[in-house]
Amino acid sequence: QVQLVESGGGLVQAGGSLRLSCAASGRTFNSYVVGWFRQAPGKERDFVAAIDWSGPGIYYVDFVKGRFTITRDNAKNTVLLQMNRLKPEDTAVYYCAAGSRRILSQLTTSYDYWGQGTQVTVSS
């Protein structure tokens with residue numbers, strides 16, 4: 001069992017930056033893919049980025065390429081999502097998820113464990 005806790009959300013003006021953190025407890029992220037998703041009110045949960053904890057694989061959705069960066073901190077067993085040049089349309093609850101299938105997938109069904117989410121609000 002893996003417990004995931006997100007942090008780092010908040011309110012920021014358009015053009016600003018936030019760094020989200022996803023910490024795991026219960027076990028390490030070894031042999032997992034860790035992904036970030038987001039969900040705006042009334043919309044589906046959308047894929048943002050994923051990283052293979054045990055390999056070189058990283059995958060971004062097109063609309064965040066060049067603005068968001070996903071990295072891992074092995075010592076802290078944490079995955080980070082650095083979000084720059086934020087836009088109002090980035091406003092959503094951001095969730096991290098972990099999947100044991102080692103697939104850099106956009107599908108929510110590919111992930112086994114989910115955090116509780118952290119709110120990101122970007123004002124115009």
Side-chain angles (χ1 to χ4, degrees):
Q1 190 78 0
V2 178
Q3 291 82 43
L4 305 177
V5 178
E6 303 96 334
S7 61
L11 173 64
V12 65
Q13 289 188 331
S17 299
L18 284 173
R19 188 175 72 171
L20 305 184
S21 178
C22 175
S25 62
R27 61 161 293 163
T28 68
F29 277 134
N30 283 345
S31 300
Y32 279 81
V33 164
V34 180
W36 283 97
F37 289 75
R38 68 187 190 187
Q39 189 166 19
K43 295 189 176 181
E44 294 185 349
R45 191 168 296 188
D46 292 329
F47 172 80
V48 175
I51 187 167
D52 185 344
W53 185 266
S54 302
I58 291 177
Y59 181 31
Y60 297 99
V61 70
D62 285 347
F63 58 76
V64 303
K65 285 181 180 177
R67 299 190 300 127
F68 293 9
T69 304
I70 188 170
T71 57
R72 57 179 181 254
D73 185 331
N74 293 56
K76 296 182 179 179
N77 202 36
T78 298
V79 172
L80 304 172
L81 184 68
Q82 178 66 42
M83 305 187 297
N84 298 328
R85 304 202 311 273
L86 283 161
K87 305 174 182 180
E89 50 265 43
D90 294 318
T91 295
V93 177
Y94 283 70
Y95 298 89
C96 74
S100 60
R101 297 169 185 82
R102 299 286 305 279
I103 300 172
L104 294 171
S105 173
Q106 295 192 21
L107 301 177
T108 58
T109 52
S110 296
Y111 296 84
D112 307 299
Y113 305 102
W114 291 84
Q116 82 289 350
T118 185
Q119 176 71 47
V120 171
T121 303
V122 184
S123 63
S124 56

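This chain uses plain numbering: 1 for the first residue, then up along the sequence.
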Checklist entry - Is there a donor-acceptor pair closer than 3.5 Å between any side-chain N or O of Thr121 and the backbone N or O of Thr91? => result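 The answer is no, because no donor-acceptor pair under 3.5 Å joins these two groups.
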
Checklist entry - Quick check: does any side chain N or O of Arg38 sit under 3.5 Å from a backbone N or O of Ala92, one acting as donor and the other as acceptor? => result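 Not a single qualifying donor-acceptor pair exists.
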
Next on the checklist: Is the positively charged end of Arg45 above the ring of Trp114, judged by distance under 6.0 angstrom from the centroid and angle within 45° of the axis?
Outcome noted: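 Arg45 over Trp114 ring: yes.
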
Side-chain heavy atoms under 4.5 angstrom apart, residues restricted to Ile, Leu, Val, Met, Phe, Trp, Tyr: same cluster for [X] and [Y]?
{"X": "Val48", "Y": "Leu80", "answer": "no"}
{"X": "Leu11", "Y": "Val93", "answer": "no"}
{"X": "Val5", "Y": "Val34", "answer": "no"}
{"X": "Val33", "Y": "Ile58", "answer": "yes"}
{"X": "Ile103", "Y": "Tyr60", "answer": "no"}

With a 4.5 Å heavy-atom cut-off, do [X] and [Y] have their side chains touching?
{"X": "Trp53", "Y": "Asn30", "answer": "yes"}
{"X": "Leu86", "Y": "Gln13", "answer": "no"}
{"X": "Leu81", "Y": "Thr69", "answer": "no"}
{"X": "Trp36", "Y": "Glu6", "answer": "yes"}
{"X": "Leu20", "Y": "Met83", "answer": "yes"}
{"X": "Val61", "Y": "Asp46", "answer": "no"}
{"X": "Ile70", "Y": "Gln82", "answer": "no"}
{"X": "Cys22", "Y": "Tyr94", "answer": "no"}

Supply the atom-to-atom distance [X] [atom1] to [Y] [atom2], rounded to the nearest 0.5 angstrom.
{"X": "Ser100", "Y": "Arg27", "atom1": "OG", "atom2": "CZ", "value": "8.5 Å"}
{"X": "Gln116", "Y": "Ser7", "atom1": "CD", "atom2": "OG", "value": "8.5 Å"}
{"X": "Arg102", "Y": "Leu104", "atom1": "CZ", "atom2": "CG", "value": "9.0 Å"}
{"X": "Asn74", "Y": "Phe29", "atom1": "CG", "atom2": "CZ", "value": "11.0 Å"}

Item to check | Trace of the ring-ring contact (aromatic ring centres under 6.0 Å, His included) decision for Tyr95 with Phe37 | outcome: CA-CA 5 Å; Tyr95 298 89; Phe37 289 75; 8.7 Å; no

Where do [X] and [Y] come nearest, in terms of heavy atoms and distance?
{"X": "Pro88", "Y": "Ser124", "value": "CG-CB, 3.8 Å"}
{"X": "Ala50", "Y": "Tyr111", "value": "CB-OH, 3.6 Å"}
{"X": "Arg67", "Y": "Asp90", "value": "NH1-OD2, 2.7 Å"}
{"X": "Tyr32", "Y": "Val2", "value": "OH-CG2, 3.7 Å"}
{"X": "Gly8", "Y": "Leu18", "value": "O-CD2, 3.8 Å"}
{"X": "Ser105", "Y": "Ser110", "value": "OG-OG, 2.9 Å"}

Next on the checklist: Under a 4.0 Å threshold between the charged nitrogen and the carboxylate oxygen, would Asp62 count as salt-bridged to Lys65?
Outcome noted: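 Salt bridge present between Lys65 and Asp62.
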
Next on the checklist: Before you tell me yes or no, could you show the steps for Asp73 and Thr71 under side-chain contact (heavy atoms from CB on, under 4.5 Å), namely the whole-Å CA-CA distance, both residues' side-chain angles and the distance that decides it to 0.1 Å?
Outcome noted: CA-CA 7 Å; Asp73 185 331; Thr71 57; over 6 Å; no

Checklist entry - Do the side-chain N and O atoms of Asn84 and Ser17 include a donor-acceptor pair separated by under 3.5 angstrom? => result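 Yes, because at least one side-chain N or O of Asn84 sits under 3.5 Å from a partner of the opposite role on Ser17.
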
